[in-house]
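Both ligands and their constituent atoms are indexed starting at 1 by order of listing. Just so you know, these numbers come straight off a predicted model, no measurement behind them.
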Amino acid sequence: MQALEAASETAGVSTDALMENAGLACALRIRQRMGGAAGRLVLVLVGPGNNGADGLVVARHLRRWGADVCCYIVRGRPADDPKMTDALAYGVAVVDSSEDHGRPNLGRLLGSCHLVVDAILGAGRYRPLDGLVGDVTVLVNSIRSDRPDLSVVAVDLPTGVNPDTGAADPRAIVADETLALCHPKHGIANFPGAGLAGRVTVLEIGLPAVVSAAADADLPTEWMTPASARALIADRPLVSHKGTFGHLMIVAGSRNFVGAASLAAQGAHRVGAGLVTLAAPDSVYRLAASRLTETIHLPLPEDADGRIDPSAADVILERLNNYSALAVGCGLGLSDGTATLIERLLLLGENPPALPTVIDADGLNNLSQCADWDKRLRAPTVLTPHPGEMTTLTGRPTVEVQADRLEIASQSAKGWRQTVLLKGAHTVVASPGGQRCILPFANPALAAGGTGDVLTGVIGGLLAQGVAPYDAARLGGFLHGTAADRVRSQRGDAGVVASDLLDHLPAVIADLRGPRATRV
Ligand SMILES: NC(=O)C1=CN([C@@H]2O[C@H](COP(=O)(O)OP(=O)(O)OC[C@H]3O[C@@H](n4cnc5c(N)ncnc54)[C@H](O)[C@@H]3O)[C@@H](O)[C@H]2O)[C@H](O)CC1
Ligand SMILES: [K+]
């Protein structure tokens, strides 16, 4: 994490101005979250450093706007602290933890306030919580769990989370929202820190948005927002035809996984691909065709187990010049024959398809069986592994993959010279050129079979329309995550099925695009 001094030097803005900017930005978002400040009782937990200073600035502004504000000083502030002086001058109440033995005042305040601001510890030098801070955070978490009406908003990141790794003290604050100053710290990109942050809102404070990453990270990590997604959505000219929006070939399905092929095809249709062809085993075609009215079908020879026969590679390859993108893997099944199909389709021959390609699920598992696949995969490709498939591809244990998702996805993308979308809560997308972004979705409704197939179709549908692989992956992931959030808000966490996402996709795109004039 860039120290405040270094950050202010970078930006040519004084440290005090940065803290004022940060405090005001946080106060504005908190006021918005509360639906106003007047008459609200806000408790600000203040720590010893600049995170605490931000909290005092937040307190002053909320007080100015009519809130009743009490600052609970968790650890001593400098005696001549100007931020404290300013807060007191505006009538902010102050309780010092050193005079609150047994914490009766803290308990009373937590029981009556509308919102708690966690400004105890932020991105400063991390160490496990000591007794004093730990007592406070445990009490906050305990009362929060008893009061569903109470919101806890963390400044920069929840107290007790390691800003650089995402590791967390067991007593770390559980936040409903985290106000990431300037950029999201790694501590809220990686779990468990990401799981403690709640909704993440990135606030501009007058600093260049660069994530303080490891020394070798050349490019900033982006936290995908509606604005950055909107910028990737192409206009659709009035004068257009189905060929204008590409033709996706999907190679998917097997006797056990008929729905995977169908979901992928529908995902592609729902993000606007002009044409979609499903190349699936003949038995899958017979079952899926009746559900896929708009899809073109290419029934393929199958083996005794109902998987696509390796000989089908030639059937597909001889047609690929008519297509603008390829999606491979959903529901293929895992076998020597399928690995041979993948090798012949993607890696062999004097000229394997140079089509933009997305490979998912068993496409990845079979690919990992092919020797030197990463040196032989030449088409511009998006690989979309979940953590287990990432283990299969990299040989790294899943617990290791999850411990540093951003770095492992980024290193793999550079090493394979392909785009990698590492699925999971806060999906990570990394490009071969070093770009990386985090998709701000952590949605248990997505933990259902088939949602990955929809995502593959979505990304394939965007590739077919000419969106470049890294952009197709991050935009596709953002559309998919937003659609899932809408389904969750309407139907809850459990019982959501993958096809529930499909109808939301066009509306998500329309809402993101907004009322743009359609060019002729
Ligand atoms: N860099 C920027 O862009 C800006 C940062 N701002 C805010 O500054 C904090 C970081 O402030 P800093 O003083 O460096 O650290 P903290 O406030 O997070 O921590 C204070 C202090 O606490 C000590 N400490 C660490 N762990 C513990 C512990 N377990 N128990 C007790 N004390 C602990 C540690 O030594 C720290 O020095 C950043 O998060 C922003 O909120 C500005 O607002 C603007 C720009
Ligand atoms: K904090």
Side-chain angles (χ1 to χ4, degrees), residues 1-27 29-30 43-61 71-78 81 83 97-98 115-138 140-141 152-165 167-188 193 196-198 200-212 220:
M1 168 70 193
Q2 271 190 324
L4 180 55
E5 295 66 26
S8 67
E9 198 174 311
T10 305
V13 180
S14 75
T15 52
D16 186 68
L18 284 176
M19 283 194 270
E20 285 297 321
N21 294 352
L24 177 58
C26 291
R29 170 59 197 146
I30 289 165
L43 170 61
V44 182
L45 303 171
V46 174
N50 294 323
N51 195 248
D54 292 346
L56 289 165
V57 177
V58 170
R60 184 178 86 227
H61 287 298
C71 286
Y72 191 83
I73 310 305
V74 177
R75 284 179 76 93
R77 299 281 312 168
D81 179 3
K83 300 301 177 197
S97 63
S98 60
L115 183 141
V116 178
V117 179
D118 163 21
I120 304 172
L121 299 176
R125 193 184 316 282
Y126 174 81
R127 62 177 191 261
L129 299 183
D130 61 20
L132 171 60
V133 177
D135 282 353
V136 170
T137 56
V138 164
V140 173
N141 290 342
V152 176
V153 175
V155 175
D156 216 14
L157 71 163
T159 291
V161 169
N162 184 319
D164 297 317
T165 64
D169 184 293
R171 296 163 296 173
I173 284 276
V174 180
D176 298 290
E177 181 169 356
T178 293
L179 305 179
L181 300 174
C182 169
H183 56 71
K185 310 314 176 283
H186 277 200
I188 51 176
L196 296 167
V200 175
T201 304
V202 182
L203 298 179
E204 285 306 319
I205 59 170
L207 272 179
V210 176
V211 176
S212 62

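Here's the thing with Ala123: one of its N/O atoms is less than 3.5 angstrom from an N/O atom of ligand 1. Considering both main-chain and side-chain atoms, Met19 never comes within under 3.5 Å of ligand 1 through any nitrogen or oxygen pair. Checking only distances, Pro128 does come within under 3.5 Å of ligand 1, N or O to N or O. Note: an N/O pair closer than 3.5 Å links Gly124 and ligand 1 by distance alone. Here's the thing with Asp156: one of its N/O atoms is less than 3.5 angstrom from an N/O atom of ligand 1.
The backbone N or O of Asp156 sits nowhere less than 3.5 Å from a side-chain atom of Thr178 that would complete a donor-acceptor pair. Within the 3.5 Å criterion, the main-chain N or O of Pro158 finds no donor-acceptor partner in the side chain of Asp118.
Smallest separation of non-hydrogen atoms from Leu157 and Lys185: CD2-CG, 4.5 Å. Between Ala197 and Val200 the shortest heavy-atom distance is CB-CG2, 4.0 Å. Looking at every heavy atom in both residues, Gly55 comes nearest to Ala119 through CA-CB, 3.5 Å. Of all non-hydrogen atoms in Val202 and Cys182, the two that sit nearest each other are CG1-O, 3.6 Å. Summarising the geometry of Ala22 relative to Ile205, their closest heavy-atom pair is CA-CG2, 3.6 Å, with the distance given to 0.1 Å. For the residue pair Asn51 and Ile120, the shortest heavy atom distance occurs at OD1-N, 3.4 Å.
Looking at Ile205 against ligand 1, only its side chain comes within 4.0 Å, counting heavy atoms. Residue-level proximity to ligand 1 for Arg127 is carried by backbone and side chain together, each with a heavy atom below 4.0 angstrom.
The K ion (ligand 2) does not have Gly47 among its coordinating residues (no N/O/S atom, backbone or side chain, under 3.4 Å). Using a cut-off of 3.4 Å, one finds that Leu157 contributes an N/O/S atom close to the K ion (ligand 2). Among the atoms of Asp156, none of the N, O or S atoms falls under 3.4 Å from the K ion (ligand 2). At a cut-off of 3.4 Å, Leu121 is counted among the residues with an N, O or S atom near the K ion (ligand 2).
Contact between Arg75 and ligand 1 is present, with at least one heavy atom of the residue lying under 4.0 Å from the ligand. In this structure, Pro48 is part of the shell of residues with a heavy atom less than 4.0 angstrom from ligand 1.
Listed by first and then second residue, the side-chain hydrogen bond (donor to acceptor under 3.5 Å, both in side chains) pairs that reach into residues 120-134 are Arg75-Asp130, sequence neighbours excluded.
Looking only at N/O/S atoms, Asp118 comes nearest to the K ion (ligand 2) through O.
Test Val152, Val161, Val136 against Ile173 for side chain to side chain contact (heavy atoms under 4.5 Å, CB included) and you get one pass: Val152.
A salt bridge links Asp16 with Lys83; the closest basic N to acidic carboxylate O contact falls under 4.0 Å.
When each atom of ligand 1 is checked for a heavy atom of Asp54 under 4.0 Å away, the hits are 6 (N), 7 (C), 40 (C), 41 (O), 42 (C), 43 (O). Short contacts between ligand 1 and Asp130, defined as distances under 4.0 Å to a heavy atom of the residue, involve ligand atoms 29 (N), 30 (N), 31 (C). Near Arg125, meaning under 4.0 Å from any of its heavy atoms, are these atoms of ligand 1: 25 (C), 26 (N), 34 (C). Interface atoms of ligand 1 facing Gly122, defined by a heavy-atom separation under 4.0 Å, are 16 (P), 18 (O), 39 (O). Proximity to Leu129 (heavy-atom distance under 4.0 Å) selects the following atoms of ligand 1: 29 (N). Per-residue contacts place Ala22 under 4.0 angstrom from the following atoms of ligand 1 (heavy atoms of the residue considered): 43 (O). Shown in contact with Gly49 at under 4.0 Å from a heavy atom are these atoms of ligand 1, numbered in order with element: 13 (O), 17 (O), 20 (C).
The heavy atom nearest to atom 28 (C) of ligand 1, considering only Thr15, Leu121, Leu203, Leu181, is found in Leu121.
Under the salt bridge (charged side-chain N to carboxylate O under 4.0 Å, His left out) criterion, Asp81 pairs with Arg77, sequence neighbours left out.
With rounding to the nearest 0.5 angstrom, the CG atom of Asp54 is 6.0 Å from the SG atom of Cys26.
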